[in-house]
Each structure stands twice: as C-alpha cells, then as structure tokens.
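Contents: one structure, followed by commentary.
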Amino acid sequence: MTMRLATWNVNSIRARIELVVAWAERVAPDVLLLQETKVATDQFPADSLVSLGYHVTHWGTGAWNGVAVLTREAPREVRYGTGFARAPLATEEPRALAVRLEAGWFMSVYVPNGRALDDPHYVYKLTWLAELRAHLADLVADGVVVGGDFNVAPSDHDVWDPSALEGATHVSLPERRALDALLGLGLTDVYRALHPDDPGFTWWDYRQGAFRRGMGMRIDLVLASEDIARNVVAVDVDIEARRAPRPSDHAPLVVDLA
DNA sequence: ATGCCCTTGCCTCAAGGA
C-alpha cells in the first residue's frame, strides 16, 4: 500500500486548470493539496478533476486566498480554518482546510504573506500561525499531514541569497520560531529530512527572470506526524511544472509514502 | 525607492503577492 501526496500553490485554479489537470494525470497523486485557488467555493472548476477520480473539497471566497484538498478516497470529515470548525466562518479568510481519511488528517494551508515586518499583516501572520499550532496539537495523535504554502523559509539554507533578504518577511526570526513551534508538536519537515543539503526551492518570483537565475525560496512544505513521516520514501520538487507555459510561480512538492 | 511579472475585479488602474 503506497500513497502519493502533493501540495501546490497554483496561483488561481481558473488560470491554471488545464495545467493542473494535465499534471494530476501525469503525476497521479492520491491526495493533492492546493492553495491560492482565488475563486469562490461554488465556482471551483471541479468537473475535469472529478472525471480523473478525485473528490474535490474546496473553500474559497473570491479573488483572494482559497484552499482545496483533492482525494481519491472519500473524505470522512471536513474542517475549516485554523480552529478546525465544522463549517466555514464568515469572519475567517479561507486559508486552512482539512479532511480526514483512513490514514489521518490531511490539511492544506495558505499562511498569510506578512507583506513587511512593520505591516499589520505581519502580526496577523504570526497570530495565524499561533492559532494553527494551538488547534493542531489535538490532531497530531490521530496522524496528520499539513502541507502548503507556509510563506516562511525555515532557514538561510532555504533561500538563494540570505543577504538579499535582510529585513524582509519570510526569513525573520519570529516567523521561523512560529514554524519551529509547529515542528515542536512532533511534526517533521519531510523534504528537509530526506534532503539535508539540497536547496529544494519551490517558489521563484515571476519578475527579473528569477527562475532562470536560480533566485528561489523553499516556502512550500509538507509537515507530517511521526507515524506518517516514518513511511516517507521520496520527496521531490517537480521543477518541470515551473517550466511550463503560463506557470504558477510555485512548483509542486511531491511526497511518496510506503 | 521602485519596477521588474501575474491575477483578479468592473477594470484601462489598484491591490496583492513574496
């Protein structure tokens, strides 16, 4: 029994649907976590993905944010937001969505960007991560995978040039501590566990030819509780998806479990 | 310090992204 899991910030599912469908056909993940769908829940273009055999669970409110979990297995339960509510809260941005499968909880997260260290959105980012940690603690015992766009590079090894990012978000100590606090629940950063030395970048700015010049960051992560992490046999960034015409600025991260 | 690129919305510019 093997399982393939992937996470991908698609930067609009409507702009990317043909690419996502072709990619899902080729890579055939059993679970696909999506972020930045940028569409309302009932406007998600699900038909072609349902035809491929996926159950589509999505939460979106319009032009911003939006998270989805695509699964071959029918979800047994669905939870919304950092508080794992049984229904979406109108006051909360659609940034976290979890479904329970036989193997445990599978959660897609789109952590707030933060914008700048002196911006209120940065405080929101840290608060959001703390909320996630507080509620995630209960789920670790059931077995949990949290994957998505964390908008935090865990260490200087995860960015192309730390000196170019001094004073920026994504690399600040409070953000890294907030991420460490998630790992402290007993979660493993599965890419780094299997690739101690590779950069593993998953995002490259659209501007300035950043992809061609190797100016990337590793900000898309899969964190897994110990019972699941110990079964991980491969973790890879699918850089080909970033090379495609009209790509997302993020590449998918693919995890194989034995 | 800003634009460099890309997406959305009511849209020919602004906001947001990271």
Side-chain angles (χ1 to χ4, degrees), chain A residues 7-21 23 33-45 58-68 92-96 108-129 132 147-179 191 199-221 237 239 241-253:
Chain A
T7 182
W8 194 4
N9 179 324
V10 294
N11 184 20
S12 168
I13 189 62
R14 286 178 292 176
R16 224 68 64 199
I17 184 62
E18 290 180 14
L19 185 61
V20 171
V21 168
W23 185 87
L33 311 173
L34 300 177
Q35 302 85 37
E36 281 208 86
T37 58
K38 294 187 170 178
V39 69
T41 299
D42 57 355
Q43 299 293 308
F44 189 101
H58 174 244
W59 181 27
T61 51
W64 308 117
N65 316 306
V67 278
E92 183 170 2
E93 291 181 331
R95 293 179 176 275
S108 177
V109 296
Y110 175 48
V111 176
N113 172 294
R115 298 177 191 169
L117 300 188
D118 60 356
D119 193 299
H121 204 262
Y122 179 77
V123 178
Y124 169 48
K125 179 180 195 173
L126 296 177
T127 305
W128 194 94
L129 283 165
L132 178 65
D149 177 0
F150 283 77
N151 273 320
V152 179
S155 80
D156 281 354
H157 191 49
D158 300 303
V159 302
W160 82 98
D161 181 4
S163 69
L165 292 163
E166 278 177 33
T169 58
H170 295 63
V171 297
S172 74
L173 192 54
E175 291 166 83
R176 287 175 168 169
R177 287 207 168 128
L179 184 60
Y191 182 87
F201 298 159
T202 61
W203 173 85
W204 299 260
D205 202 311
Y206 283 123
R207 298 167 288 187
Q208 295 182 302
F211 180 62
R212 175 173 48 77
R213 297 159 66 189
M215 300 164 63
M217 304 175 75
R218 190 174 75 91
I219 56 176
D220 298 87
L221 311 174
V237 180
I239 202 162
R242 185 62 177 79
R243 285 199 182 97
R246 295 192 71 226
S248 169
D249 45 355
H250 295 252
L253 184 65

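Each chain gets a letter, A, B and so on, in the order the sequences are listed, and its residues count up from 1.
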So, [X] side chain and [Y] main chain: donor-acceptor pair closer than 3.5 Å or not?
X	Y	result
A:Thr7	A:Leu253	no
A:Arg246	A:Arg16	no
A:Thr41	A:Gly60	yes

Modelled atom types, side-chain donor and acceptor of A:Tyr191 and A:Asp158, under 3.5 Å: no

Whether the A:Lys125 and A:Asn113 side chains hold a donor-acceptor pair (N or O, under 3.5 Å, no angle test) is what I'd like checked. no

Does [X] reach a base, just sugar-phosphate, or nothing at all? Heavy atoms under 4.0 Å.
X	result
A:Asp205	nothing
A:Asp249	nothing
A:Asn9	sugar-phosphate
A:Thr169	nothing
A:Trp203	sugar-phosphate
A:Tyr110	sugar-phosphate

[N] and [M]: how far apart are their [atom1] atoms, nearest whole angstrom?
N	M	atom1	answer
B:dC4	B:dA14	P	13 Å
B:dC11	B:dC6	P	24 Å
B:dC10	B:dG16	P	14 Å
B:dT2	B:dT7	P	24 Å
B:dA18	B:dG3	C1'	15 Å

With nearest nucleotide decided by heavy atoms, which residue, A:Gln208 or A:Pro247, maps closer to the 5′ end of DNA chain B? A:Gln208

Earlier contact from the 5' end, DNA chain B, for A:His250 and A:Asn11: A:Asn11

Residues in side chain to side chain donor-acceptor pair (under 3.5 Å) contact with A:Asp119, at least two apart in sequence or another chain: none

Terminal contacting nucleotides, 5' and 3', DNA chain B versus chain A (heavy atom, 4.0 Å):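 Nucleotide range with atoms under 4.0 Å of chain A: B:dG3 to B:dA18.
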
A:Phe211 six-ring face occupied by A:Arg242 cation (under 6.0 Å, within 45°): yes

